[in-house]
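Sequence positions, counted from 1, serve as the residue numbers for this chain. Atoms within each ligand, like the ligands themselves, are counted from 1 in listed order.
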Amino acid sequence: MTTPSLADGQLSQDPIIAALSKGEELLWLNPKRRPFAEVRDTLPLSLDDIHAAAARLERFAPYLARAFPETAAAGGIIESPLRRANAAATTLSQWLGAPLPTLWIKCDSHLPVSGSIKARGGFHEVLAYAEELAQVHGLLAGVDDYACFDEPDFRALFREHSVVVGSTGNLGLSIGILSARLGFKVTVHMSADARAWKKALLREKGVQVVEHTSDYSVAVAQGREEALATPRCHFVDDEDSTTLFLGYAVAALRLKQQLDAEGVLVDADHPLVVHLPCGVGGGPGGIAFGLKHVFGDTVHCFFAEPTPSPCMLLGMHTGRHNAISVQDIGLDNRTCADGLAVGRASAFVGKVIEPWLDGIYTVSDDHLYALVALIEESEGLGLEPSAVAGLPGFAYLARHSAPERQAYWQSATHLAWATGGAMVPREEMKAYQAKGRALLASQHHADMN
Ligand SMILES: *Cc1c(COP(=O)(O)O)cnc(C)c1O
């Protein structure tokens with residue numbers, strides 16, 4: 001462990017930094033949160049931008065239905081199921097010693113084509129690049145059906161261009177699968193955390209995979225450098241891209257329709273609390289941004305991070321955003337939640353969410369494994385460790401918020417965003433679940449503090 005390189009003596013005295021650096025689980029409430037109506041017009045992106053992203057995904061729906069037949073039944077709209085999770089609510093509230101919540105799960109784990117939250121932002125950015133190229137090269141004149149993106153003249157154009165991305169795994173999968181299908185040359189820079197099966201799958205699809213022995217920030221930096229040195233190349237910048245962010249945000253418009261269809265009322269007396277696993281911040285940040293535009297302050301958004309990688313909590317609490325890393329406070333950024341293994345948060349996202357995010361909590365690796373087992377047992381859902389981080393959120397709020405707020409959180413509708421799982425090979429998933437069951441058998445109850 002290196003000595004924390006905190007310039008400022010204040011930080012090393014800070015109780016939250018002290019708890020984080022010891023790997024303790026904690027709930028942090030954002031002291032800068034203000035009414036959304038007061039901050040909405042100061043933000044760099046708007047509801048119109050979200051609608052434009054949604055419209056782009058709709059234009060491409062005929063292409064997606066053709067290129068990925070599993071999306072044809074939904075008309076090429078890549079969306080995930082929302083499910084009421086009564087069995088999980090019972091199991092989790094018993095395990096966590098918390099009152100029974102009203103719990104829903106948003107199953108991005110089962111998003112078609114790439115099986116994770118990354119399909120939302122990643123696909124939107126690749127499609128935006130393809131559309132721009134087609135436009136510039138005059139291929140879109142008179143076109144009203146984007147299924148033509150699968151035609152030989154489009155593929156020939158894309159073969160002359162490349163897409164590069166740095167990833168802990170799932171973003172690489174999502175960008176790699178779609179870019180390769182469109183005909184682009186694709187290079188994915190994978191951090192040390194990336195699972196072997198993800199690299200193998202991408203190579204099978206003709207994607208060039210560059211393996212790094214260092215963490216996510218380095219993989220991204222290398223990707224950025226390669227892209228700058230390559231002509232006709234687009235770098236998908238997970239730390240800074242507004243196109244990715246807006247693709248994620250579209251989820252909010254769709255969730256509103258799903259909640260309406262289920263008859264779930266969201267208003268001042270029936271608040272919605274959404275729990276989002278956070279890595280670099282783009283996925284949860286984009287979705288939460290969309291939700292605030294749709295539901296205003298009747299929605300509360302909380303992020304969940306693994307205790308070894310609380311980069312967003314650290315960046316927001318210190319106000320240093322991407323100018324501080326978890327390594328700076330002595331953490332090693334090694335976690336079973338490979339999708340969240342990010343040591344330095346996005347500066348862009350941190351600043352956008354700062355005035356309205358409700359808070360962030362952290363979850364230990366042991367608890368993530370246990371949650372993987374419990375969600376399989378109760379709901380029959382196969383979720384990867386990153387995807388379960390938001391499941392204990394309702395209990396944190398019931399336990400750690402101010403006494404006068406506890407009834408409010410308990411009566412709310414809680415929605416845990418399950419961010420990945422369906423692509424995980426069966427054997428790998430069974431190993432996660434077995435590890436979780438073993439941990440549960442050795443502890444009779446959760447020792448979350
Ligand atoms: C990437 C990822 C996240 C978080 O998204 P970020 O944009 O990195 O914050 C959450 N869950 C899974 C499974 C992921 O792959």
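- Not close to ligand 1: A387, with no non-hydrogen atom less than 4.0 angstrom away.
- Interface atoms of ligand 1 facing N170, defined by a heavy-atom separation under 4.0 Å, are 13 (C), 14 (C), 15 (O).
- Between F302 and W409, the ring centre distance stays below 6.0 Å.
- Remark: aromatic rings of W95 and H367 are close, center separation under 6.0 Å.
- In summary, the aromatic rings of F303 and H275 are positioned with their centroids too far apart to meet the 6.0 Å limit.
- Of the protein's non-hydrogen atoms, V280 N, 3.0 Å is the one closest to atom 8 (O) of ligand 1.
- Ranking the protein heavy atoms by distance from atom 2 (C) of ligand 1 puts K118 NZ, 2.3 Å first.
- Looking only at atom types and distance, the side chain of E125 has a donor-acceptor partner in the side chain of H234 under 3.5 Å away.
- Looking at V342 against ligand 1, nothing comes within 4.0 Å, counting heavy atoms.
- In this structure, E354 does not pair ionically with R320, as no charged nitrogen and carboxylate oxygen lie closer than 4.0 Å.
- Close approach of ligand 1 to G282 is summarised as follows: ligand atoms under 4.0 Å from at least one heavy atom of the residue are 7 (O), 9 (O).
- Atom 4 (C) of ligand 1 has G279 N, 3.5 Å as its closest protein atom, hydrogens excluded (heavy atom only).
- When each atom of ligand 1 is checked for a heavy atom of C278 under 4.0 Å away, the hits are 9 (O).
- Between the side chains of S309 and N333, at least one donor-acceptor pair of N or O atoms lies under 3.5 Å.
- At the shortest separation from atom 12 (C) of ligand 1 among protein heavy atoms lies T419 OG1, 3.4 Å.
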Can I get a per-line list of side-chain donor-acceptor pairs under 3.5 Å for residues 244-257, giving both atom names and the distance, sequence neighbours left out?
unit_1 : atom_1 : unit_2 : atom_2 : d
R254   : NH1    : I78    : O      : 3.3
R254   : NH1    : E79    : OE1    : 2.8
K256   : NZ     : D260   : OD1    : 3.1
K256   : NZ     : D260   : OD2    : 3.1

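- Nearest to atom 7 (O) of ligand 1 among the protein's heavy atoms is G283 N, 2.8 Å.
- Regarding atom 10 (C) of ligand 1, its nearest protein heavy-atom neighbour is L340 CD2, 3.3 Å.
- Distances from atom 6 (P) of ligand 1 to the heavy atoms of S174, A345, S116, G281 show the closest one on G281.
- Checked against ring pair (Phe, Tyr, Trp, His ring centres under 6.0 Å), Y146 has the following partners two or more places apart in sequence or in another chain: F60, F149.
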